[in-house]
Amino acid sequence: MGYGAKRNIKDTVFTRLFREKKYLLQLYQALHPEDKTATEEDLKTITLEPIFLKDITNDLGFSVKDKLFILVEAQSTASVNIIVRSFMYLAHTYQEHFK
């Protein structure tokens, strides 16, 4: 048994960190420094819960005002999971739009 780092720890830290709105707002402000009016109340987390694979979340979805952000893990090999989750984000966006 090796002593290497737990491979999914970076994903866990990433997704847990940005569950807190103060850090999510900082991320948004880093991506859009021109928007000085955004507040924590403007943020809506829409990260999908793991459905197909237990406890694996390697993406982050959120909206700020009229902008939708989906950050996904870069992978060196093709993965159907990313396509399915991207489609699920699109479906969620359409569902919210038509409410």
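These numbers were taken from a predicted model, which means no experiment stands behind them.
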>> Are Leu17 and Leu27 packed together at the side-chain level, in the sense that at least one heavy-atom pair is separated by less than 4.5 angstrom?
In response: no

> Between atom CG of Leu25 and atom CD of Glu20, what is the distance when rounded to the nearest 0.5 Å?
Replying inline: 12.5 Å

>> Can you give me the closest heavy-atom contact between Val64 and Ala38, atom names plus distance?
In response: CG1-CB, 4.2 Å

> So how far is it from Ser63 OG to Asp42 CG, rounded to the nearest 0.5 Å?
Replying inline: 9.5 Å

> What residues form a side-chain hydrogen bond (donor to acceptor under 3.5 Å, both in side chains) with Glu34, not counting sequence neighbours?
Replying inline: His32

> So how far is it from Lys44 NZ to Lys21 NZ, rounded to the nearest 0.5 Å?
Replying inline: 9.5 Å

> Considering only heavy atoms from C-beta outward, does the side chain of Ile46 approach that of Leu68 to under 4.5 Å?
Replying inline: yes

> Is Phe62 linked to Leu90 within one hydrophobic cluster, defined over Ile, Leu, Val, Met, Phe, Trp and Tyr using a side-chain heavy-atom separation of less than 4.5 Å?
Replying inline: no

> Can you name the closest pair of heavy atoms from Tyr23 and Phe18 and give their distance?
Replying inline: O-CE2, 3.4 Å

